[in-house]
Amino acid sequence: IRVTSIRQEGTQVKVTIEEIPQVSVGNKGILVRIRDEDGKNLGKLWIGQANVRWAAGSRPEKSAKQLSVRKFVDLLNEL
């Protein structure tokens with residue numbers, strides 16, 4: 001599977017997903033780097049076993065906003 005772009009409200013965001021049969025979420029979780037169509041870093045999203053963390057732009061992980069996976073899924077379901 002390879003997704004190269006997603007459009008939302010007139011803005012194009014590039015996301016690349018490589019085909020991976022199964023991923024184990026370790027202690028640090030899975031890191032997803034998000035960039036716009038010009039390659040500008042929008043932020044990093046860590047998906048862990050219990051929590052999701054978001055650091056906008058180039059903020060370090062230690063200043064990332066955090067919420068539970070359940071709350072993250074609830075927010076996605078509200079879209």
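In this chain, residues are counted from 1 in sequence order. Just the heavy atoms: all of them, side chains too, but no hydrogens, waters or symmetry mates, feed the values below.
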For a quick test of reading the model, state the closest non-hydrogen atom pair linking [X] to [Y] and the distance between them.
X: Ala55; Y: Trp46; answer: CB-CZ3, 3.7 Å
X: Arg35; Y: Asn41; answer: NH1-CB, 3.6 Å
X: Leu67; Y: Lys71; answer: CD1-CG, 3.4 Å

Item to complete: Following the transitive rule for hydrophobic clusters with a side-chain heavy-atom cut-off under 4.5 Å over Ile, Leu, Val, Met, Phe, Trp and Tyr, establish whether Leu75 and Ile34 coincide in one cluster.
Response: yes
Item to complete: Kindly work out whether a path of hydrophobic side-chain contacts (I/L/V/M/F/W/Y, heavy atoms less than 4.5 Å apart) joins Trp54 to Val32.
Response: yes
Worksheet item: From Arg70 CZ over to Asn51 CG, what is the distance, rounded to the nearest 0.5 angstrom?
Response: 13.5 Å
Worksheet item: Quick one: CG on Leu42 to CG on Asp36, what's the gap to the nearest 0.5 Å?
Response: 5.0 Å
Discussion item. Check this for me: does any side-chain nitrogen of one of Arg53 and Glu61 sit under 4.0 Å from a carboxylate oxygen of the other?
Written reply: yes
